[in-house]
Amino acid sequence: MTASSAAPVPSEKGAEVGRRIGVGLMYGLWKPRVLGAWRVPATGPVIYAVNHAHNIDGPMVMGVAPRPTHFLIKKEAFVGPLGRFLTGIGQLKVDRHSADRTAIGQALGVLADGGVLGIFPEGTRGEGDFASLRAGLAYFAVRSGAPIVPVAVLGSTDRPGRLIKALPPLRSRVDVVFGDPFDAGDGSGRRTRKALDEATERIQKQLTAHLENARRLTGR
């Protein structure tokens, strides 16, 4: 299946390679504590909605999640060898400043193939509190019918590392909390602007509630 003649849908095999690399790196450098991974549906399309406060949040989820994940990642990261590596492990390059039809087609293709799509719904790295959501998450969820699993990454920004200031301290604990899957749509199948706005509102409430619960659960 292809999203367009020039952009084939990335294979799950590549994403599984990325997951295995992530397992080694994340558990080797830090001490992830994973809660609620059993909530992730074992098969079928799923969208991870991940808060984004630090650069390691994506790789951390990729490494600890129970299924291989295809993340939508800003095109600026796809430079030189890193770009080739990200493409090789099934990650999706997206232009955040335009309606990127290629990325949209590839993301929908991942879901149509029963895969897992990872999205940072805030659009860019920030406070990681889901306070400002973009409409992209609602679009993918309503269009595909895939359930959303909220994911909270906590502890990655607690304090800078001594050796590398841009990373959390080596061997420090990072919590990753998976929430209950939910449907963003209202069951009508509508994809109008109003339906997407309402879906975005529903999503924000669910994600905010999950983050509050995750903080209570982990004491962070």
Side-chain angles (χ1 to χ4, degrees), residues 32-41 44-67 69-74 91-92 94 96 103-104 107-108 110-111 115-158 174-188 190-220:
R33 180 171 63 166
V34 185
L35 303 171
W38 55 270
R39 294 186 170 100
V40 178
V46 173
I47 299 173
Y48 291 153
V50 186
N51 68 324
H52 195 21
H54 196 286
N55 281 332
I56 73 155
D57 294 344
M60 181 64 68
V61 172
M62 200 183 299
V64 305
R67 294 174 59 185
T69 310
H70 304 269
F71 266 101
L72 280 168
I73 299 172
K74 62 183 180 181
Q91 306 310 296
L92 307 176
V94 63
R96 297 174 298 165
I104 290 169
L108 289 173
V110 164
L111 296 170
V116 179
L117 180 67
I119 295 180
F120 300 112
E122 294 158 291
T124 186
R125 196 170 79 245
E127 295 300 317
D129 58 2
F130 294 126
S132 176
L133 296 196
R134 295 194 172 193
L137 174 56
Y139 174 81
F140 288 122
V142 172
R143 174 84 185 265
S144 68
I148 294 172
V149 170
V151 186
V153 182
L154 302 170
S156 58
T157 58
D158 282 0
V174 178
D175 292 324
V176 182
V177 186
F178 293 86
D180 289 316
F182 66 92
D183 293 321
D186 59 5
S188 69
R190 292 179 304 128
R191 299 203 295 264
T192 62
R193 169 63 63 190
K194 185 180 180 208
L196 291 178
D197 286 346
E198 289 171 353
T200 298
E201 213 171 293
R202 276 192 292 275
I203 290 168
Q204 186 152 27
K205 285 179 183 172
Q206 293 272 12
L207 298 187
T208 301
H210 171 66
L211 186 58
E212 289 172 359
N213 184 56
R215 283 175 172 153
R216 278 197 301 271
L217 200 61
T218 60
R220 289 187 179 272

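Residue indices begin at 1 and follow the sequence shown.
At least one donor-acceptor pair closer than 3.5 Å links the side chain of His210 to the backbone N or O of Val177. Of the possible donor and acceptor atoms, none in the side chain of Arg39 sits under 3.5 Å from a partner among the backbone N and O of Gly179. No side-chain donor-acceptor contact under 3.5 Å links Asp186 to the backbone of Ala199. Arg220 places no side-chain N or O within donor-acceptor distance of the main-chain N or O of Ala214, the cut-off being under 3.5 Å.
Taking all atoms of both residues into account, the shortest heavy-atom contact from Leu72 to Leu117 is CG-CD1, 4.2 Å. Between Gly36 and Phe178, the shortest heavy-atom distance links the atoms O-CB, 3.3 Å. Minimum heavy-atom separation, Phe140 to Ile104: CE2-O, 3.9 Å. Between Ile148 and Ala184, the closest heavy-atom pair is CD1-CB, 3.9 Å. What you find for Val151 and Val176 is that their closest heavy atoms are CG1-CG1, 3.8 Å. Closest approach of Leu111 and Pro45 over heavy atoms only: O-CB, 3.3 Å.
Note that CG of Leu154 is 13.5 Å distant from NE2 of His54, once rounded to the nearest 0.5 Å.
Taking Met62 as the reference, Phe71, Ile89, Gln91 meet the side chain to side chain contact (heavy atoms under 4.5 Å, CB included) condition, with sequence neighbours excluded. A search for side chain to side chain contact (heavy atoms under 4.5 Å, CB included) contacts involving Glu201 returns Lys205, not counting sequence neighbours. In terms of the salt bridge (Lys or Arg N to Asp or Glu O under 4.0 Å) criterion, Arg143 has no residue partners (sequence neighbours excluded).
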Inset, instruction - Assess whether side chain to side chain contact (heavy atoms under 4.5 Å, CB included) is satisfied between Arg67 and Val40, documenting all intermediate values. - result: CA-CA 8 Å; Arg67 294 174 59 185; Val40 178; 4.2 Å; yes
